[in-house]
Asker: 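Can you read through this structure? Questions will come right after.
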There are 2 protein chains.
Amino acid sequence: MPPARRSRTASSKSAAAPADIPALHLTRFLPYRLSVLANTVSHTLAKLYEKRFGITIPEWRIIAVLGGGETMSAGEIAQRTAMDKVQVSRAISRMLDSSLILRESGDTDRRKALLTLTPKALAIYAEIVPMALTYEDEVTDALSIDERAQLDTLLSKLQARADQLAARPAPVAAQVEPVEE
Amino acid sequence: MPPARRSRTASSKSAAAPADIPALHLTRFLPYRLSVLANTVSHTLAKLYEKRFGITIPEWRIIAVLGGGETMSAGEIAQRTAMDKVQVSRAISRMLDSSLILRESGDTDRRKALLTLTPKALAIYAEIVPMALTYEDEVTDALSIDERAQLDTLLSKLQARADQLAARPAPVAAQVEPVEE
DNA sequence: CCATTTTAGTTTCGTTTGAAACTGTTGCAA
DNA sequence: TTGCAACAGTTTCAAACGAAACTAAAATGG
């Protein structure tokens with residue numbers, strides 16, 4: 001069932017009486033729901049990774065993109081994992097310490113370091129991928145086949161829109177001085 | 001279109017050759033997609049809140065649940081916002097500093113503090129709710145009416161399942177010693 | 001060529017986080 | 001009662017984070 005939509009009456013700015021302010025219920029607020037769901041899922045998975053392999057989510061992501069045996073630069077990893085370069089840099093230095101990754105500076109461009117997984121990391125990859133996919137399956141088991149396809153579509157559309165809105169410069173017009181009582 | 005499902009061949013544990021390991025593409029991996037989407041959305045919204053009102057997401061959530069003018073304890077807030085008590089405690093102390101919240105210790109139970117928004121915070125509530133709903137609308141504008149209903153259903157089902165899986169005790173059987181090369 | 005800008009990645013710094021320990025209060029039970 | 005467990009909330013400490021400054025190498029262009 002479509003959620004009952006709240007009415008959006010104009011709000012009087014100084015109202016201490018909450019009566020005419022449109023209500024917002026967090027539990028029906030999309031950003032909140034997404035955040036809670038993503039959190040639950042990530043957290044569960046992170047505990048699994050941590051317990052079994054002692055790695056964090058950033059490290060797992062790097063293993064995931066390099067798991068095919070490819071070699072790439074930190075920048076490429078950042079793009080593919082949607083992490084920023086600082087996060088990638090730190091994860092890589094942790095992985096160097098635990099010899100999960102190999103770094104050799106590029107031949108043609110000495111700024112770019114070529115990164116490859118070590119056999120140790122590849123062994124983790126081989127074990128962690130089935131684990132991750134199993135967990136994903138367990139979650140999506142809550143859905144019918146049709147619903148899984150819907151989910152795929154919806155997530156893509158929402159991400160595209162969210163990206164678009166995120167890229168939009170801050171609404172300058174609404175820039176007013178902070179609220180005072 | 002339903003995402004092409006990856007085959008799940010058995011993996012040889014020590015394989016340094018990546019050939020027979022089931023592939024995992026982050027961009028199709030549900031936990032990753034959820035995390036990126038939730039992140040994009042939260043981040044965009046957080047910047048809006050911060051710019052306009054100088055508040056963080058935890059503070060916004062507290063304002064959201066107390067915005068009706070109700071009074072409740074920190075514990076209740078924690079439940080309703082899905083934040084843990086530490087996060088709530090810290091947000092409240094920030095809000096006390098900026099006089100967004102009022103705390104009076106309970107009469108019958110002096111452990112529980114009764115929390116209420118100040119008029120200043122209610123004014124923020126009145127302004128922020130339309131902003132938040134507008135952003136939500138902008139995001140969901142990417143979807144048809146049908147799709148919005150689907151989204152509601154899917155998120156509820158996924159959250160229920162994720163909660164269930166999170167509550168499940170860690171798979172003890174899989175507890176093996178860390179991977180060594 | 002040399003000076004400037006751009007790019008790749010790292011470091012730093014102040015803040016936020018999460019887990020665990022802690023304080024104070026209430027409820028329960030011998 | 002008083003002694004102990006459970007509860008509400010806070011503090012502490014170490015790890016993780018993000019933004020911005022920084023270093024080093026390549027590309028640009030006058």
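Lettering follows sequence order; numbering is per chain, from 1. What you are looking at is a predicted structure, and each value in this text was computed from that prediction instead of being measured.
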Asker: Measure CZ/A/Arg110 against C1'/D/dA25 and give the value in whole Å, please.
Answerer: 7 Å
Asker: Quick one: side chains of residues 37-45 of chain A, donor-acceptor pairs under 3.5 Å with protein atoms, not counting sequence neighbours, listed by atom name and distance.
Answerer:
unit_1: A/Thr40; atom_1: OG1; unit_2: A/Val36; atom_2: O; d: 2.7
unit_1: A/Thr40; atom_1: OG1; unit_2: B/Gln159; atom_2: NE2; d: 3.2
unit_1: A/Ser42; atom_1: OG; unit_2: A/Ala38; atom_2: O; d: 3.1
unit_1: A/Thr44; atom_1: OG1; unit_2: A/Thr40; atom_2: O; d: 2.8

Asker: Would you please name every residue forming a side-chain hydrogen bond (donor to acceptor under 3.5 Å, both in side chains) with A/Arg94, sequence neighbours left out?
Answerer: A/Thr56, A/Glu59
Asker: Sugar-phosphate atoms are those with a prime plus P, OP1 and OP2; base atoms are the rest. Using that split, label each nucleotide of nucleotides 10-19 of chain D B, S or - for protein heavy atoms under 4.0 Å, 5' to 3'.
Answerer: BBB----BBB
Asker: Identify, with sequence neighbours excluded, every residue that meets ring pair (Phe, Tyr, Trp, His ring centres under 6.0 Å) alongside A/Tyr49.
Answerer: A/Trp60
Asker: If you look only at pairs with a residue in residues 62-80 of chain B, which of them pass as a salt bridge (charged side-chain N to carboxylate O under 4.0 Å, His left out), with sequence neighbours excluded?
Answerer: B/Glu70-B/Arg80
Asker: Can you name the nearest heavy-atom pair linking A/Gly69 to A/Thr116, along with the distance?
Answerer: O-CG2, 4.3 Å
Asker: Suppose the criterion is side-chain hydrogen bond (donor to acceptor under 3.5 Å, both in side chains): which pairs have a residue in residues 81-91 of chain B, not counting sequence neighbours?
Answerer: none
Asker: With B/Glu138, which residues qualify under salt bridge (charged side-chain N to carboxylate O under 4.0 Å, His left out), at least two apart?
Answerer: A/Arg168
Asker: Using salt bridge (charged side-chain N to carboxylate O under 4.0 Å, His left out) as the criterion, list what pairs up with B/Glu50, not counting sequence neighbours.
Answerer: none
Asker: With a 4.0 Å cut-off on heavy atoms, is A/Thr108 in touch with a base, just the backbone sugar-phosphate, or nothing at all?
Answerer: sugar-phosphate
Asker: Rounded off to whole Å, could you give me the CG-to-C1' distance for the B/Leu115 and D/dA8 pair?
Answerer: 12 Å
Asker: To the nearest Å, how far apart are B/Arg111 CZ and D/dA5 C1'?
Answerer: 12 Å
Asker: Can you give the first and last nucleotides of DNA chain C, 5' to 3', that have an atom under 4.0 Å from a heavy atom of chain B?
Answerer: C/dT17 to C/dT26
